Enquirer: 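One structure is given below, represented as structure tokens, and several questions about it will come after.
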Amino acid sequence: MARRGQCQELFSDNGTNFVGADRILQTHIQECQKSTKVHNFLSSRRIDWHFIPPSAPHFGGNWEAAVKSAKKHLLPVSKGVMMTFDETTTLLCRIEAVLNSWPLTPLSSDPSDFNALTASHFLIGSPLQLPSEPDCTAIPQNRLRQFKLMQAQSQNFWKRWSSEYLPQCQRRGKWTKLTRNIKVGDLAVLKNDNSPPLLWDLVRVTKVHPGPDGIVRAVTVRNSSGSDFKRPENKLAVLPTENDEVGEEQNAS
């Protein structure tokens with residue numbers, strides 16, 4: 001609450017620090033119920049704290065996936081580097097921004113809308129942004145000091161994590177199972193190895209070019225500046241929509 005403000009729903013795992021905090025807060029609430037003013041204040045702002053089942057991190061969904069990504073990629077980019085507390089805090093804040101910037105789903109089906117829903121929309125109401133910075137990843141770490149070192153480490157984290165995340169958006173089954181073709185109007189992330197942190201190249205599909213077998217392997221896309229260009233299908237990571245989720249549930253049933 002000190003960082004994000006008042007919330008209505010709080011979800012966490014069963015870590016001892018979370019369970020202990022819940023127990024202390026419940027004790028304070030019971031003690032404060034003796035006062036009418038305090039009771040009315042707490043009743044109007046009561047927060048529901050939900051715990052996922054013990055030993056079931058997969059119930060955490062996206063937040064547990066973000067924690068896993070942070071741990072997995074933070075070790076290689078910071079290995080062998082001695083950092084102060086302030087330097088570590090700066091790096092973790094920048095990594096937090098990267099993980100909260102990933103596109104989850106299109107904000108609308110409007111072909112002229114190139115905005116995607118991100119985790120940061122739930123935190124600050126808008127996508128996170130960073131000012132443009134020079135690329136420090138090619139400079140040896142022993143030549144970097146303090147903030148430049150933090151920039152290089154966060155940029156390395158971005159390159160590692162974004163290259164792993166985008167293929168996960170491309171849902172491909174075995175050749176024995178057909179998957180949905182890309183269609184006109186789909187919002188997708190265009191793979192760009194040189195994009196800076198927090199910048200996702202979002203494009204809309206304007207034309208599809210299926211092969212003789214009816215499978216789309218090339219598409220024409222349009223970016224936010226209005227430029228049209230042709231790209232292969234494997235360079236796009238289509239953002240899932242509600243219709244995709246419904247279709248998967250029907251196929252599963």
Side-chain angles (χ1 to χ4, degrees), residues 1-7 10-22 24-25 47 49 52 57-58 60-104 116-169 189 191-202 237:
M1 290 177 65
R3 172 174 286 184
R4 305 297 184 189
Q6 179 71 40
C7 60
L10 183 62
F11 294 85
S12 71
D13 55 28
N14 286 267
T16 55
N17 53 338
F18 296 138
V19 175
D22 177 65
I24 293 174
L25 291 174
I47 300 173
W49 196 332
I52 64 175
H58 59 282
N62 284 337
W63 93 66
E64 290 289 355
V67 172
K68 179 182 178 181
S69 297
K71 292 179 178 178
K72 178 180 178 181
H73 298 294
L74 179 60
L75 179 60
V77 301
S78 61
K79 189 174 183 180
V81 179
M82 297 296 294
M83 294 184 293
T84 65
F85 175 80
D86 291 334
E87 291 170 345
T88 305
T89 303
T90 301
L91 178 60
L92 290 177
C93 285
R94 294 171 70 92
I95 290 176
E96 176 185 332
V98 168
L99 295 176
N100 286 332
S101 71
W102 73 25
L104 299 174
L117 181 68
T118 66
S120 63
H121 281 83
F122 299 99
L123 300 175
I124 63 173
S126 62
L128 291 168
Q129 296 179 346
L130 282 179
S132 59
E133 298 175 337
D135 189 0
C136 302
T137 55
I139 305 175
Q141 288 189 348
N142 57 4
R143 293 174 51 190
L144 298 173
R145 292 175 59 88
Q146 295 181 324
F147 188 65
K148 286 293 184 181
L149 179 61
M150 297 303 101
Q151 286 181 323
Q153 289 180 313
S154 62
Q155 290 167 2
N156 280 322
F157 182 92
W158 161 261
K159 290 184 177 181
R160 286 174 175 268
W161 178 78
S162 60
S163 62
E164 179 186 273
Y165 166 70
L166 288 180
Q168 294 178 355
C169 295
V189 181
K191 291 185 179 180
N192 185 358
D193 296 334
N194 298 320
S195 61
L198 274 68
L199 181 60
W200 302 89
D201 293 331
L202 296 174

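Predicted, not measured: the structure shown is a model, and the values here were computed from it. Numbers here are sequence positions counted from 1. Heavy atoms only: backbone and side chains are in, while hydrogens, waters and symmetry mates are out.
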Enquirer: As an exercise, state the distance from NZ of Lys71 to CD1 of Ile95, rounded to the nearest 0.5 Å.
Expert: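 Taking NZ in Lys71 and CD1 in Ile95, the distance rounds to 13.0 Å.
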Enquirer: Please find the pair of heavy atoms, one from Leu202 and one from Pro103, that lie closest to each other, and give the distance.
Expert: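 Closest heavy-atom pair between Leu202 and Pro103: CD2-CG, 4.4 Å.
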Enquirer: Within the structure provided, determine whether Ser195 and Trp158 are in side-chain contact (heavy-atom separation under 4.5 Å).
Expert: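 Yes, close enough: below the 4.5 Å cut-off.
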Enquirer: For Ser154 and Arg94, work out which heavy atoms get closest and say how close.
Expert: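 Looks like OG-NE, 3.0 Å.
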Enquirer: Would you say the side chains of Thr84 and Asp86 form a donor-acceptor pair under 3.5 Å?
Expert: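 No pair is found: no donor N or O on one side chain lies under 3.5 Å from an acceptor on the other.
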Enquirer: Can you measure from CG (Leu75) to NZ (Lys72) and round to the nearest 0.5 angstrom?
Expert: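 Going from CG on Leu75 over to NZ on Lys72, the span is 11.5 Å.
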Enquirer: Would you call the rings of Trp102 and Trp161 parallel, tilted or perpendicular if under 30° counts as parallel and over 60° as perpendicular?
Expert: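 The arrangement is parallel - the two ring planes meet at less than 30°.
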Enquirer: Are Pro196 and Glu133 side-chain neighbours, meaning at least one heavy-atom pair lies under 4.5 Å?
Expert: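 Side-chain contact under 4.5 Å: no.
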Enquirer: Once rounded to the nearest 0.5 Å, what's the spacing between atom CG of Asn100 and atom CG of Leu198?
Expert: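 Here the interatomic distance stands at 9.0 Å.
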Enquirer: Does any non-hydrogen side-chain atom of Phe18 lie less than 4.5 Å from one of Asp13?
Expert: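 Yes, side chains in contact.
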Enquirer: Quick check: do Trp200 and Ser162 have side-chain heavy atoms less than 4.5 Å from each other?
Expert: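 Result yes, sub-4.5 Å side-chain heavy-atom pair found.
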Enquirer: Would a 4.5 Å heavy-atom cut-off, applied to side chains only, mark Glu87 and Leu149 as touching?
Expert: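 Glu87 does not reach Leu149 side chain to side chain.
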Enquirer: Check whether any side-chain heavy atom of Phe122 sits under 4.5 Å from a side-chain heavy atom of Leu117, and report yes or no.
Expert: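 Touching, per the 4.5 Å side-chain cut-off.
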Enquirer: Nearest 0.5 Å, what's the CG-NE2 distance between Leu104 and His121?
Expert: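 Those atoms lie 9.5 Å apart.
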Enquirer: Where do Lys159 and Asp135 come nearest, in terms of heavy atoms and distance?
Expert: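 In terms of heavy atoms, the two residues are closest at NZ-OD2, 3.6 Å.
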Enquirer: So with a 6.0 Å cut-off around CG of Asn17, is the heavy-atom count from everything else above 12?
Expert: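 Buried by this count: over 12 neighbours within 6.0 Å.
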Enquirer: If you define the side chain from C-beta out and look only at heavy atoms, does anything of Leu74 sit under 4.5 Å from Leu92?
Expert: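 Yes. Closest side-chain heavy atoms under 4.5 Å.
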Enquirer: With rounding to the nearest 0.5 Å, note down the distance linking CD in Gln129 to OG in Ser120.
Expert: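 With rounding to 0.5 Å, CD (Gln129) is 9.5 Å from OG (Ser120).
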Enquirer: Evaluate the side-chain proximity of Leu123 to Leu128: yes if any heavy-atom separation is below 4.5 Å, no if none is.
Expert: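 No. Closest side-chain heavy atoms not under 4.5 Å.
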Enquirer: List the steps and the verdict of side-chain contact (heavy atoms from CB on, under 4.5 Å) for Asp201 and Val189.
Expert: CA-CA 6 Å; Asp201 293 331; Val189 181; 5.6 Å; no
Enquirer: Say whether, by atom type as modelled, one donor and one acceptor occur between the side chain of Gln155 and the main chain of Cys136 under 3.5 angstrom.
Expert: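 Yes.
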Enquirer: Find the distance between CD (Gln153) and OG1 (Thr90) and round it off to the nearest 0.5 Å.
Expert: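 Result: 10.5 Å between the selected atoms.
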